[in-house]
Amino acid sequence: MQREVGSLPLAPALRTRLVAAGFQTAQDLLETGPCGLSKEIGISKEEALEVLQVVRQECHGDAARTAGASDATRKCTALELLEEEQAQGFIITFCSALDNVLGGGVQLTKITEICGAPGVGKTQLCMQLAVDVQIPECFGGVAGEAVFIDTEGSFMVDRVADIATACVQHCQLIAEAHQEEDHLKALETFSLESILSHIYYFRCRDYIELLAQVYLLPDFLSEHSKVRLVVVDGIAFPFRHDFEDLSLRTRLLNGLAQQLIIIANDHKAAVVLTNQMTTRIGQSQSTLVPALGESWGHAATVRLIFHWDNSQRLATLYKSPSQKESTVPYHVTSHGFRDVQPPAVTQNAEDTEMNPRKRPRREEEK
Amino acid sequence: MVVLRVGLCPGLSEEMIQLLRANGIRTVVDFVSSDLEDVAQKCSLSYKALVAVRRVLLAQFSAFPTNGADLYEELKSSTAILPTGSPSLDQLLDSGLYTGEMTELMGAPGSGKTQVCLGIAASVSLGLKQHVLFLDSTGGFTASRLYQMLRAQAQAEEEQAALQRIQVVRVFNIYEMLSALQDLRDRLSQQVVSSTGPLKMVVIDSVSAVIYPLLGGKQSEGLAIMMQLARELKTLAREFSLAVVVTNQVTRDSSTGALKPALGRSWSFVPSTRVLLESKEATWEKATTQRVASLVKSPRQPTGIQVELDIG
């Protein structure tokens, strides 16, 4: 119960006044009472009451924890966590090589960041995941809903409709092959309309809207408790232009990252972010690195970097707490995000150019 | 700077406090540093009573000197060296992690800090059978990876017990972290043995993730909170003989372009040992599990020593 005054979540001016007046622990504050407090520091009685309320909340939070109530806090042994993790599902990406590299797919309760040059397929993967999260459990999905926060305006509904139709067809083929009861029952609710109606779309035009949206997201998620995926497409875009104060940018980005981690953890959702690439000019050469600086690199738990190798798209797992780093090729087809077909099939050449919004890559731009 | 209150010591009564306050003596420091004869005259209080109160206050609030030999004996009996599970890292740290001290691991994203922390937790829990408290602020703690590491080292049936000895608390902002540490201190000082057991190590991954949202911009409260955290960690380490391991980020120096540890110069005085983790290859295009650990700050070894680690 000997919580230091300096460590309580109060306004900084108030904290300095309390410390200057000689209060050291929370116990001192509680003993003084609101009248004494307002006289000592020179604040109004209402403010003193508020301060004491905050202190009481913190101290009772501590007491509840020592008494053993572990539901409100996030405390458990590693064994319990292991059991939780093994029971958790993954969101598959329909590219089995990438799923293997990720250890089964995009993990829930973790932040995954996708970095890549323009046109390499980041938004395609995000749209694919928004559809895949809704796959019913009997087909191996998590049966959840998706929140899509768009800052660049690159979300195309007709493309999502194509991907969703292909996904439904895929599930229908599986159901026909296996002929099981729950497969057919699930297919009744898994259709194009239901998929599209369970993707909640938000459009944010600048960083203030984005911050507001993310800070309001917990309330939204407690109403829509089936959401298992939050996609922020283009987290770099609002922060990269017109920011004079770089230390403010770092501070805001880190606050955003912590808020997203809290959302991922409390609501058991996967958070997927897309980032841009920037050039770092070194002594003799320049390399492409993910944007937003070094400190942002620590925000995501899993980092995927998409890049080109001549005309083949490659995905590299760069940072992961449980998987080894490796690189796999992938394709973006008219059905969505897929594996690379073996070279015998002629589909290869046409499918790489299937994304009509982005201009095709030319050889000399490496 | 403790305010004079009724319960502080037996001789201090309410009227005495009011009289003292009327003459400008509000805190213990004021009382102890004032001339008692003067005070006795001005406040019309008995000199003997004031001297008695001062003796009690000094006994309660001032620090006692100890001599070096006693300190050495105490340290010898209470300090333990915990092996990290990786012989090359032990060699770097002069045979392991010392209790009573704070060790910091820093590195760029993907350099292996969480992996090394998991490895250390696994080694202490499995090898020494001690309890470990893991404070996770980034969401990077993956129990299945920890299980994989334990399986590689242990015989059958020991992994379950080892996993139960590692307690994980997820704290995502600085106030939650401070209350978790306060909670730990309460439990240790009351010696509640039930769930904690003989706790020997606290791992915090990472400390910069909770402090960064408060630093920068134009406000300076971040530094104050950071130092609160530092003081809390060091007191925990020293008083209860724990080894504290923290991880930190690196940022890029704007003028020279070199990588430097995050959280600035104030934090650089806090940990006693600092280890920098780097990947052997410079770019992300070549994937590897080899890492290089270099000693950046140490009270015992010369800095600049490098060893190679495999986090695979």
Side-chain angles (χ1 to χ4, degrees), chain A residues 1-4 6-9 12 15 19-24 28 31 40 58 61-62 65-66 73-79 81-82 84-86 109-111 245 247-248 250-251 254-255 257-258 261-262 264-265 287 293-295 297-298 301 303 305 316 318-319 321-322 324-327, chain B residues 1-3 5 26-27 108-110 114-115 134 138-148 160 163-164 166-173 175 178-179 182-183 186-187 206 208-210 212-217 219 221 224-225 228 232 249-252 259 262 283-285 287-289 312:
Chain A
M1 286 303 197
Q2 293 298 309
R3 195 63 195 276
E4 291 236 2
S7 67
L8 293 169
R15 254 208 308 258
V19 172
F23 293 102
Q24 268 202 339
D28 296 346
E31 277 178 15
E40 294 273 341
E58 286 290 313
D62 288 347
R65 260 174 242 139
T66 48
T73 69
R74 307 180 187 100
K75 205 196 314 191
C76 46
T77 64
L79 192 62
L81 270 184
L82 182 66
E84 248 180 59
E85 273 180 29
Q86 282 173 343
T109 76
K110 298 231 179 324
I111 299 189
D245 191 358
S247 60
L248 178 63
T250 316
R251 184 186 164 130
N254 279 290
Q258 288 302 112
I261 296 180
I262 293 178
N265 217 297
T287 45
E294 286 291 328
S295 52
H298 299 271
T301 320
R303 200 176 225 192
I305 301 189
T316 304
Y318 178 63
K319 175 185 176 194
S322 56
K324 254 170 58 163
E325 297 176 8
S326 40
T327 307
Chain B
M1 282 273 276
V2 183
V3 175
R5 276 192 332 262
R26 294 185 58 243
T27 65
T114 312
Q115 298 298 307
F134 200 105
T138 57
F141 182 85
T142 325
S144 32
R145 174 72 179 134
L146 183 63
Y147 186 59
Q148 210 179 21
Q160 298 252 349
L163 279 175
Q164 273 185 323
I166 301 177
Q167 198 175 52
V168 180
V169 184
R170 297 202 138 116
V171 285
F172 297 122
N173 69 44
Y175 298 112
L178 283 169
S179 48
Q182 184 65 49
D183 184 42
D186 286 340
R187 277 187 313 179
S206 74
S208 42
V210 287
Y212 248 118
L214 296 174
L215 287 180
Q219 305 187 22
E221 91 223 30
I225 280 273
Q228 269 289 346
E232 188 71 41
Q249 300 171 4
V250 286
T251 58
R252 201 158 280 278
L259 285 175
T283 64
W284 47 262
E285 275 147 24
T288 164
T289 55

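On a predicted model such as this, the values are computed, not experimentally measured, just so you know. FYI, side chains are in, hydrogens and waters are out, and symmetry mates aren't considered; it's all heavy atoms of this structure.
Interface remark: B:Q249 contributes backbone and side-chain atoms alike to the contact with chain A (heavy atom separation under 4.5 Å). Residue B:A209 touches chain A through both its backbone and its side chain, counting heavy-atom pairs closer than 4.5 Å. Only the side chain of B:Y147 comes within contact range of chain A, judged by heavy atoms closer than 4.5 Å. Using a 4.5 Å cut-off between heavy atoms, B:I166 touches chain A through backbone and side chain atoms alike.
Here the closest heavy-atom approach between residue A:H298 and residue B:P109 is recorded as NE2-CD, 3.5 Å. The two residues A:K110 and B:T142 have their closest heavy-atom pair at CE-OG1, 3.9 Å. Nearest heavy atoms, A:T301 versus B:T138: OG1-O, 3.9 Å. Counting all heavy atoms, side chain and backbone alike, B:F141 lies closest to A:A78 at CZ-CB, 4.3 Å. Residue B:Q115 comes nearest to A:S322 through the heavy atom pair NE2-N, 4.3 Å, listed as atom of the first residue, atom of the second, then distance. When every heavy atom of A:R251 is checked against every heavy atom of B:P213, the shortest pair comes out as CG-O, 3.1 Å.
Side-chain atoms of A:Q258 never come within 3.5 Å of backbone atoms of B:V210 as a donor-acceptor pair (strictly under, hydrogens ignored). Between the side chain of B:Q167 and the main chain of A:T77, no donor-acceptor pair closer than 3.5 Å is present.
The CG atom of A:L79 sits 10.5 Å away from atom CG of B:L146, with the distance rounded to the nearest 0.5 Å.
A:L81 has its side chain within reach of B:R170: a pair of non-hydrogen atoms, C-beta onward, lies under 4.5 Å apart.
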